[in-house]
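Below: the structure, in structure tokens.
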Protein chains: 2
Amino acid sequence: MSDPNTIRAIPAGRRTRKQLRKPNPEVRRRLLDAANRLIREEGFPALRIEEVTERAGLSVGTFYLYFEGKDDLFTSLVVAHTEDLRRQCQQAYHGAGRVLERLARGLDAYLDFIEENEKAFVYFRNSGSRETTAGSLTSWAFAQHAADLRPLVDEGIRTGEIRAGDAALLTQAVLGSMQHLAGFWLENKQQHSRAEIFAFLASLSVRLLSPKRVGQE
Amino acid sequence: MSDPNTIRAIPAGRRTRKQLRKPNPEVRRRLLDAANRLIREEGFPALRIEEVTERAGLSVGTFYLYFEGKDDLFTSLVVAHTEDLRRQCQQAYHGAGRVLERLARGLDAYLDFIEENEKAFVYFRNSGSRETTAGSLTSWAFAQHAADLRPLVDEGIRTGEIRAGDAALLTQAVLGSMQHLAGFWLENKQQHSRAEIFAFLASLSVRLLSPKRVGQE
């Protein structure tokens with residue numbers, strides 16, 4: 001698996017860029033944090049690199065030592081978001097309790113995260129995928145989440161809490177519905193509360209995964 | 001609901017274009033069909049407008065009477081695809097049989113369609129959404145499919161074939177999983193056959209929608 005910090009946008013042009021021999025991960029993080037705070041306020045399209053560096057207390061020159069430009073910043077932000085979201089979900093998955101309880105806590109963490117990062121989530125989703133050094137950015141991010149959830153599904157199948165079945169497809173079905181309904185919720189907050197969406201997704205995953213048969217009373 | 005033939009990309013520039021007073025829908029269709037056939041062969045990014053007009057037996061000048069450019073062609077192709085797919089699903093939904101049988105036939109039609117239009121489907125999905133005169137293109141397309149499926153869900157709830165519940169969320173859950181797993185299948189055809197994906201999606205929709213409770217033997 002690629003080190004997330006090394007995933008880069010594939011630049012359209014052939015511009016060469018000054019490379020740092022020893023990049024400082026804290027400087028990189030400061031730039032990403034500043035960009036994130038600005039995106040929460042104004043979204044990504046309006047973001048200017050000068051604002052990011054001003055907010056981070058760094059120079060524009062320093063920015064270009066760490067990122068190729070706005071496109072590369074976009075890729076790095078999606079990668080950093082994916083890593084942050086993964087940490088929150090992993091914590092839920094690795095906690096105490098039965099498999100379906102831990103999955104529900106993962107759902108909860110997911111909804112917290114996308115609520116907190118709403119503008120970025122909607123923008124990233126609407127922007128489609130990009131080619132990066134780790135392949136398609138969307139496929140990469142989804143594969144990370146699937147790799148985290150899959151062991152929980154396998155554990156549930158082993159303990160009998162989850163029906164025997166194609167674990168890869170069950171994992172995709174849970175993640176796909178989570179992502180779709182979370183996006184639907186953000187676009188329809190007037191009609192559906194967070195509590196409703198959470199309850200719906202939690203019962204959906206029970207229905208999808210339960211070893212109990214459906215279709216008989 | 002907007003007439004699909006009038007949905008246009010919102011152009012980035014302010015270029016003005018010669019407008020036809022009486023556009024000929026058959027000419028427009030010929031251009032879209034030619035573009036579609038070319039996309040099946042080579043995908044969208046490589047597509048050149050000269051090829052489209054050559055394949056359609058029309059002039060480049062005629063093309064620009066019907067489309068603003070490649071971006072507008074993209075929007076029109078997504079709209080035309082959505083309309084074609086809708087017709088196939090509607091036929092299934094309006095056929096004979098029980099609600100869940102008709103839904104399964106809709107699933108089947110959906111998989112047929114994306115298999116036949118694989119390159120376009122993958123490209124449209126990876127391109128993200130665009131702003132059009134009908135709003136976000138992706139949201140528009142999804143809303144069309146939801147509007148078609150929703151009456152079937154309502155009918156099922158009325159007849160007791162589908163559990164009472166939030167019909168809007170149930171509709172989104174079915175469509176969201178269909179779309180996600182269909183995309184996953186296209187990227188993993190070596191691991192999963194069409195028959196496997198169809199069977200998984202059909203049983204998934206039964207589990208999601210069945211009025212029978214889950215969690216008791």
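Note on naming: letters A, B, ... go to the chains in the order of the sequence lines (proteins, then strands), and numbering restarts at 1 for each one. The figures here come from the full heavy-atom set of this structure, side chains too, leaving out hydrogens, waters and symmetry mates.
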Against the six-membered ring of B:F44, is B:K70 placed for a cation-pi contact (under 6.0 Å from the centre, within 45° of the normal)? yes
Partner chain A: residue of B:Q191, B:R125, B:R130, B:H192 with the largest heavy-atom pair count (under 4.5 Å): B:H192
Heavy-atom count check: over 12 atoms from other residues, nucleotides or ligands less than 6.0 Å from B:Q91 CD? no
Counting heavy-atom pairs under 4.5 Å to chain B, which of A:G183, A:S177, A:A168, A:A173 comes out on top? A:A173
Between B:S136 and B:S129, does the side chain to side chain donor-acceptor pair (under 3.5 Å) criterion hold? Intermediate values first, please. CA-CA 6 Å; B:S136 152; B:S129 195; 2.7 Å; yes
Under 4.5 Å from a heavy atom of chain B, the part of A:I197 involved: side chain
Of the backbone (N, CA, C, O) and the side chain (C-beta and beyond), which part of B:S127 lies under 4.5 Å from a heavy atom of chain A, both, or neither? backbone
If we only count heavy atoms from C-beta on, is the B:L77 to B:F124 side-chain gap below 4.5 Å? yes
Interface residue of largest heavy-atom contact number with chain B, from A:L181, A:L169, A:L175, A:N126, under 4.5 Å: A:L169
Per-residue contact mode, B:E187 against chain A (heavy atom under 4.5 angstrom): side chain
Best-contacting candidate, B:F142, B:F200, B:W185, against chain A by heavy atom pairs under 4.5 angstrom: B:F200
Which label fits B:H180 and B:F184: parallel for a plane angle under 30°, tilted from 30 to 60°, or perpendicular past 60°? parallel
Do you know which of B:V174, B:L201, B:L170 has the most heavy-atom pairs with chain A at a distance under 4.5 angstrom? B:L170
Non-hydrogen atoms of B:Y93 and B:D148 that approach each other most closely: CD1-O, 3.6 Å
